[in-house]
Novice: 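Handing you this structure, nothing more for now.
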Amino acid sequence: MLRIWDYPAEARALTRQLRMNSTEADKFHTFEVTLTRRASSRWSAVGSFWYTWTDALLSRPPTNPNLRDLFNRNQTTSWNATASVVYNLPADTTASLSLQSRSGVYGQRTARFTRTHGLVGLSSIDVPVEPYGGVNGETRSQTMNVISVRLSKAFNLGYGQAAVNFDVFNLFNSNAAVRRDYRSGATFYEVDEILAPRIARVSFDYRF
């Protein structure tokens, strides 16, 4: 059972809002570790990982009681891992590889109510019907893994140093979902946005 706040039809033209300061604090606790391999024998590497526990309000300030009272807390965990390796090839050429892996983006199931459900002042409203992230953390997009590579050739030019770079982002063309539709109905959990496709780029740098 959900309690939805409405107002009488004669109050529809009123524009005043009552804003209140929230006394609830947002809490974030993060564990992070980084490992670095200094440049030696032509190569270097760095890797990092962090894990965050979140306990925060979703609607702030609480101007809408329907968003304030219904599943208004983000109590989820998230993580992110990155790694990169750089190798110095002969003839001032450098090759590098980077990997980013992170937990999927959370969402919250909602339902739309209209005047056919008994609303009077409001024409329609979308309200959350489950905790943010789902009951057991299942309302989220899939884990995202992206690999990118770079090949760079440096050479002296005039009074500075130049480089020609060739980059490929999202090497394996991952199509992991970034955003989904979490409103109850026929389109629930449909993908609204995916990762950008594989992109190749050639660039030129000049330093002086």
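Side chains are part of it too, since the values below use all heavy atoms of this structure and drop only hydrogens, waters and symmetry mates. Remember, predicted model here, so these are calculated numbers, not experimental data. We number each residue from 1, following the sequence as shown.
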Novice: Centroid separation under 6.0 Å, is that true for the rings of Tyr7 and Trp5?
Specialist: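 Centroid separation for Trp5 and Tyr7: 6.0 Å or greater.
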Novice: First locate atom OG of Ser78, then atom CH2 of Trp50, and finally report the distance between them rounded to the nearest 0.5 Å.
Specialist: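 If we round to the nearest 0.5 Å, Ser78:OG and Trp50:CH2 are 4.0 Å apart.
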Novice: Please evaluate residues Phe155 and Val164 with respect to the criterion side-chain contact (heavy atoms from CB on, under 4.5 Å), reporting the C-alpha separation (whole Å), side-chain torsions for both, the decisive distance (0.1 Å), and the verdict.
Specialist: CA-CA 9 Å; Phe155 53 91; Val164 176; 3.9 Å; yes
Novice: How would you list, by chain and number, every residue that makes a side chain to side chain donor-acceptor pair (under 3.5 Å) with Asp6, sequence neighbours excluded?
Specialist: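 Here no residue qualifies.
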Novice: Is a salt bridge present between Lys153 and Asp92, judged by a nitrogen-to-oxygen distance below 4.0 Å?
Specialist: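 Between Asp92 and Lys153 there is no salt bridge, as every charged N stays at least 4.0 Å from the carboxylate O atoms.
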Novice: Are Val86 and Ile147 connected into the same hydrophobic cluster when the rule is that any two of I, L, V, M, F, W, Y join if their side-chain heavy atoms are below 4.5 Å apart?
Specialist: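 Result: no, two separate clusters.
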Novice: How many angstroms lie between atom OG of Ser148 and atom CG of Asp167, to the nearest 0.5 angstrom?
Specialist: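 Result: 8.5 Å between the selected atoms.
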Novice: For Leu58, what are the other residues in its hydrophobic cluster, where any two members join if their side-chain heavy atoms are less than 4.5 angstrom apart?
Specialist: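 Under the 4.5 Å side-chain rule, Leu58 groups with Tyr106, Tyr132.
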Novice: Sub-3.5 Å donor-acceptor pair from the side chain of Thr77 to the main-chain atoms of Trp53, do we have one?
Specialist: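 No.
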Novice: Under 3.5 Å, is there a donor-acceptor pair linking the side chains of Thr114 and Thr116?
Specialist: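 A pair is found: one side chain offers a donor N or O, the other an acceptor, under 3.5 Å apart.
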Novice: Just list the side-chain donor-acceptor pairs under 3.5 Å for residues 41-49, sequence neighbours left out, or say none.
Specialist:
| unit_1 | atom_1 | unit_2 | atom_2 | d |
| --- | --- | --- | --- | --- |
| Arg42 | NH1 | Asn88 | O | 3.0 |
| Ser48 | OG | Thr82 | OG1 | 2.7 |

Novice: What are the two closest heavy atoms between Arg115 and Gly121, and how far apart are they?
Specialist: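 Looks like NH2-O, 3.7 Å.
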Novice: Do Phe169 and Phe172 sit in one hydrophobic cluster, given that two such residues count as connected whenever their side-chain heavy atoms are within less than 4.5 Å of each other, even indirectly?
Specialist: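 No, separate clusters.
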Novice: Give the intermediate values and the outcome of side-chain hydrogen bond (donor to acceptor under 3.5 Å, both in side chains) for residues Thr52 and Thr30.
Specialist: CA-CA 4 Å; Thr52 298; Thr30 299; 2.9 Å; yes
Novice: With the 4.5 Å side-chain cut-off for hydrophobic clustering, are Val120 and Phe113 part of the same group?
Specialist: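 No.
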Novice: Can you name the side chain to side chain donor-acceptor pair (under 3.5 Å) partners of Trp79, sequence neighbours left out?
Specialist: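 Scan of Trp79 (side chain to side chain donor-acceptor pair (under 3.5 Å), adjacent residues dropped) gives none.
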Novice: In the structure I gave you, are the side-chain heavy atoms of Val85 and Leu99 within less than 4.5 Å of one another anywhere?
Specialist: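 Val85 vs Leu99: side chains apart.
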Novice: May I ask you to test the Phe166-Arg150 pair for a side-chain heavy-atom distance under 4.5 Å?
Specialist: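 No, too far: nothing below the 4.5 Å cut-off.
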Novice: In Å and rounded to the nearest 0.5 Å, what is the CD to CD distance from Gln108 to Glu130?
Specialist: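 One finds 8.5 Å between CD of Gln108 and CD of Glu130.
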Novice: What heavy-atom pair brings Leu151 and Ala95 nearest, and what distance separates the two atoms?
Specialist: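 Looks like CD1-CB, 4.0 Å.
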Novice: Is a side-chain donor-acceptor pair under 3.5 Å present for Ser184 with Arg109?
Specialist: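 Yes, a side-chain donor-acceptor pair sits under 3.5 Å.
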Novice: Measure the shortest side-chain to side-chain distance between Tyr182 and Thr139 over non-hydrogen atoms and say whether it is less than 4.5 angstrom.
Specialist: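 A side-chain contact under 4.5 Å exists here.
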Novice: Using a 6.0 Å cut-off, check whether atom CZ of Arg73 has over 12 heavy atoms from anything other than its own residue.
Specialist: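 Correct, the count exceeds 12.
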Novice: Quick one: side chains of residues 186-195, donor-acceptor pairs under 3.5 Å with protein atoms, not counting sequence neighbours, listed by atom name and distance.
Specialist:
| unit_1 | atom_1 | unit_2 | atom_2 | d |
| --- | --- | --- | --- | --- |
| Thr187 | OG1 | Asp181 | OD2 | 2.7 |
| Tyr189 | OH | Arg140 | O | 3.0 |
| Asp192 | OD2 | Asp181 | N | 3.4 |
| Glu193 | OE1 | Arg179 | NE | 3.4 |

Novice: Just how far is it from atom CD1 of Ile4 to atom CG of Leu70, taken to the nearest 0.5 Å?
Specialist: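 Here the rounded value is 7.0 Å.
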Novice: Table please: side-chain donor-acceptor pairs of residues 196-208 below 3.5 Å, with sequence neighbours left out.
Specialist:
| unit_1 | atom_1 | unit_2 | atom_2 | d |
| --- | --- | --- | --- | --- |
| Arg198 | NE | Leu171 | O | 2.8 |
| Arg198 | NH2 | Leu171 | O | 3.4 |
| Ser203 | OG | Asn165 | ND2 | 3.2 |
| Asp205 | OD2 | Asn165 | ND2 | 2.9 |
| Tyr206 | OH | Leu157 | O | 3.3 |
| Tyr206 | OH | Gly160 | N | 3.3 |

Novice: For residues Asp55 and Phe28, determine if any side-chain heavy atom of one lies less than 4.5 Å from a side-chain heavy atom of the other.
Specialist: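 The answer is no, as the side chains (C-beta and beyond) never meet within the 4.5 Å cut-off.
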Novice: Do Gln75 and Thr54 come within less than 4.5 Å of each other through their side chains, counting heavy atoms only?
Specialist: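 Side chain of Gln75 against side chain of Thr54, heavy atoms only: no contact under 4.5 Å found.
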Novice: Which value, rounded to the nearest 0.5 Å, describes the distance between Ser174 atom OG and Gln100 atom CD?
Specialist: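 Spacing of OG (Ser174) from CD (Gln100) equals 11.0 Å.
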Novice: Check whether the side chains of Ser101 and Asn145 place a donor and an acceptor atom closer than 3.5 Å, and report yes or no.
Specialist: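 Per modelled atom types, Ser101 and Asn145 side chains form a pair under 3.5 Å.
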Novice: List the atom of Ala111, the atom of Val129, and the distance in Å for their closest heavy-atom pair.
Specialist: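 Reported closest heavy-atom pair: CB-CG1, 3.8 Å.
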Novice: Hey, could you give me the CD1/NE2 distance between Ile125 and His117, rounded to the nearest 0.5 Å?
Specialist: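 Going from the CD1 atom of Ile125 to the NE2 atom of His117 covers 13.0 Å.
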Novice: With heavy-atom distances below 4.5 Å as the criterion, would you say the side chains of Leu57 and Asn74 are in contact?
Specialist: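 The answer is no, as the side chains (C-beta and beyond) never meet within the 4.5 Å cut-off.
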